[in-house]
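Please read the structure below before turning to the comments.
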Amino acid sequence: MRVLIADDHPLFRLGLKAGLEAQGLTVVAEAENGQEALDKALALKPDAVLLDLRMPGMDGLTCARKLRERGYRGLIAFLTTYQEPALLKEAASAGADAYFSKELSAPELKRRLLRVMQGEERLTPPDLPSLTPREEEVLALLAQGLSVKEMAKALGLSPDTVKDHLENLYAKLEARNRVEALEKARSLGFLQ
């Protein structure tokens, strides 16, 4: 398998290259940003492109989208430390075939890449809860630290109605309280 590695950390690229080559894979190119990865992938047509999610200039998600738009048919896999459900969903919509943790060993990464290439494993984005516009408004006010009474005043609702919206929001986010709801909302991409 011919592989391109794109990551902005030179030592990580060096270690990954050594690990993959020790497993019998051929690293045909390295890139330190998405633009460089895009150019090299289109020119060299490797079997797989391993992308970091966050890189300077063009990030991995943009690179994946552009690779697919320009007809690249090889495997695109994200290799990252970010495991938020919203990012997995974005990776899938960008055309990625896989989303792996940087904590994988080289033998495990090779095994998983081969499974993806053989159609035995695929990226399955998580189902994200769907919030109503009112729940999104309540969530935004919750993130600002407003009390139920303050939210009610800001939205022109009764405190009991705001409490109902909060209960629905907590249920959808599978949260027991304000802190859990905000943490979950951030990890799912509802809040920046």
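Everything numeric in this text was worked out from a predicted model, so none of it was measured. These numbers come from the heavy atoms of this one structure, side chains and all, not from hydrogens, waters or symmetry mates. For reference, positions follow the sequence shown, starting with 1.
Within 6.0 Å of the OH atom in Y82, the count of heavy atoms belonging to other residues, nucleotides or ligands does not exceed 12. No more than 12 heavy atoms of other residues, nucleotides or ligands shown are found within 6.0 angstrom of CD on E174. Around CD of Q144, the count of heavy atoms belonging to other residues, nucleotides or ligands within 6.0 Å exceeds 12.
Rounding to the nearest 0.5 angstrom, the gap separating the CG atom in D52 from the NE2 atom in H9 is 7.5 Å. Summarising the geometry, atom CD belonging to E136 is positioned 10.0 Å from atom CG belonging to L191; distances are rounded to the nearest 0.5 Å. Distance check: L61 CG to I76 CD1 gives 10.5 Å after rounding to the nearest 0.5 Å. We find the CG-CD distance between D39 and E36 to be 8.0 Å, quoted to the nearest 0.5 Å. Distance CD/E32 to CD1/I5: 13.5 Å, rounded to 0.5 Å. For the atom pair CG (L109) and NZ (K102), the distance works out to 12.0 Å, reported to the nearest 0.5 Å.
Transitive grouping of hydrophobic side chains (ILVMFWY, heavy atoms separated by less than 4.5 Å) brings L42 and M58 into a common cluster. Residues L169 and L157 share a single hydrophobic cluster, defined by chaining ILVMFWY side chains whose heavy atoms lie under 4.5 Å apart. L38 and V3 fall into different hydrophobic clusters, where Ile, Leu, Val, Met, Phe, Trp and Tyr residues are linked whenever their side-chain heavy atoms come under 4.5 Å apart, directly or through other members. L173 and L141 fall within a single hydrophobic cluster, where Ile, Leu, Val, Met, Phe, Trp and Tyr are joined by side-chain heavy atoms under 4.5 Å apart, directly or via other members. Under the 4.5 Å side-chain heavy-atom criterion for grouping Ile, Leu, Val, Met, Phe, Trp and Tyr, L104 is connected to V27 within one hydrophobic cluster.
D59 and T62 are linked by a side-chain donor-acceptor pair at a separation below 3.5 angstrom, with hydrogens and angles left out of the test.
Closest heavy-atom contact between L131 and E135: CA-OE1, 3.4 Å. The heavy-atom pair separating M151 from L142 by the smallest distance is CE-CD1, 3.9 Å. Nearest heavy atoms, L4 versus P46: CB-CG, 3.9 Å. The nearest pair of heavy atoms linking C63 to A37 is SG-CB, 4.0 Å. Nearest heavy-atom pair, A152 versus V162, reported as atom, atom and distance to 0.1 Å: CA-CG2, 3.6 Å. Contact detail for A41 and V49: the closest heavy-atom pair is CB-CG2, 3.9 Å.
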Q. Where do N33 and D8 land on the side-chain contact (heavy atoms from CB on, under 4.5 Å) test, with the steps shown first?
A. CA-CA 6 Å; N33 60 57; D8 58 329; over 6 Å; no
Q. Run the side-chain contact (heavy atoms from CB on, under 4.5 Å) check on T161 and L155 step by step: do they pass?
A. CA-CA 10 Å; T161 302; L155 296 171; over 6 Å; no
Q) Checking side-chain contact (heavy atoms from CB on, under 4.5 Å) for the pair L51/T80: CA distance, chi angles, key distance, verdict? A) CA-CA 8 Å; L51 295 170; T80 182; over 6 Å; no
Q) When you look at D47 and L75, which way does the side-chain contact (heavy atoms from CB on, under 4.5 Å) test go after all the steps? A) CA-CA 6 Å; D47 300 313; L75 185 148; over 6 Å; no
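Using modelled atom types, no side-chain atom of R186 and backbone atom of F190 make a donor-acceptor pair closer than 3.5 Å. Without hydrogens or angle criteria, R2 side chain to L44 main chain gives a donor-acceptor distance under 3.5 Å. Judged by distance alone, the side chain of K110 and the main-chain N or O of Q23 form a donor-acceptor pair under 3.5 Å. Distance alone, capped at 3.5 Å, is enough to place a donor-acceptor pair between the K40 side chain and the E30 backbone. Although no hydrogens or angles enter the test, the distance criterion places a donor-acceptor pair under 3.5 Å between the side chain of E180 and the main chain of R176.
With salt bridges taken as basic N to acidic carboxylate O contacts below 4.0 Å, none links K153 and E150. Under a 4.0 Å N-O distance rule, the pair E69/R65 does not qualify as a salt bridge.
F100 places none of its side-chain heavy atoms less than 4.5 Å from the side chain of L50. Within the 4.5 Å cutoff, the side chain of L123 has no heavy atoms near those of the D97 side chain. Contact check for F78 versus L88: no side-chain heavy atoms found under the 4.5 Å cut-off. The shortest side-chain heavy-atom distance between R111 and L114 does not fall under the 4.5 Å cut-off. Counting only heavy atoms from C-beta outward, the side chains of L87 and R54 approach each other to under 4.5 Å. Contact of the T132 side chain with the N168 side chain is not registered, since no non-hydrogen atoms from C-beta on lie closer than 4.5 Å.
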